[in-house]
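Since the structure comes first, as structure tokens, the remarks are kept for the end.
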Amino acid sequence: MRKTNRIRRFALTAALAAFLASGAYAFTASNTVPGTTAGSGSAAISGYTATNVQYTLDATTPTNVNAVAFTISPVTTTAVKVQLTSAGSWYSCTNTAGSVSCATTSPQITAATAAQLTVVAAQ
């Protein structure tokens with residue numbers, strides 16, 4: 001009788017394991033993975049031209065530069081950022097059809113420390 005109970009328990013355990021395994025397979029069988037693209041290539045990178053550069057000084061403290069504005073060509077619709085010192089802050093700009101305006105007040109840049117105009121833009 002003990003042998004019969006062991007065989008029944010083993011058969012029941014095996015049947016339960018088979019049932020659970022088939023259920024787990026059903027979940028993994030329903031996974032889908034979308035197709036992707038990968039590759040390598042190269043293309044020339046051309047720069048932008050900034051013209052008509054104008055700096056706006058603060059009316060109260062004229063040693064502070066409040067903004068810089070310029071025209072960028074070719075026209076880009078993406079973000080444009082500027083930097084006025086080699087290791088200084090990057091300032092976000094407003095770009096409307098190639099007419100760019102950048103507030104330089106946070107942090108405030110002074111005319112004495114503004115030594116260059118670096119423009120970063122992407123198409």
Item to complete: Hydrophobic side-chain clustering at under 4.5 Å (ILVMFWY, transitive links): who's grouped with V75? Put none if nobody.
Response: none
Practice prompt. Write down the atom of N64, the atom of Q108, and the distance for their closest heavy-atom approach.
Written response: CB-NE2, 3.3 Å
Worksheet entry | Where P74 and G47 come nearest, the two heavy atoms and their spacing | CD-O, 4.1 Å
Within this structure, what is the [atom1]-[atom2] distance for the pair [X] and [Y], rounded to the nearest 0.5 Å?
X: C102; Y: Q83; atom1: SG; atom2: CD; result: 12.0 Å
X: F70; Y: Y48; atom1: CZ; atom2: OH; result: 11.5 Å
X: L84; Y: T104; atom1: CG; atom2: OG1; result: 6.0 Å
X: Y55; Y: I109; atom1: OH; atom2: CD1; result: 10.0 Å
X: N95; Y: T76; atom1: CG; atom2: OG1; result: 6.0 Å
X: D58; Y: N66; atom1: CG; atom2: CG; result: 4.0 Å

Worksheet item: Heavy-atom distance under 4.5 Å between the side chains of Y91 and T105, does that happen here?
Response: no
Worksheet item: Does the side chain of V68 come within less than 4.5 Å of T56's, by heavy atoms?
Response: no
Fill in: side-chain contact (heavy atoms from CB on, under 4.5 Å) assessment of C93 paired with V82
CA-CA 7 Å; C93 303; V82 298; 3.9 Å; yes
Worksheet item: Have T113 and T110 got a donor and an acceptor in their side chains that come within less than 3.5 Å?
Response: yes
Discussion item. Would L117 and V53 count as a side-chain contact (heavy atoms from CB on, under 4.5 Å) here? Give the steps.
Written reply: CA-CA 9 Å; L117 175 60; V53 179; 3.9 Å; yes
Practice prompt. Could you please spell out the steps behind the side-chain contact (heavy atoms from CB on, under 4.5 Å) verdict for V80 and V119?
Written response: CA-CA 7 Å; V80 178; V119 178; 3.9 Å; yes
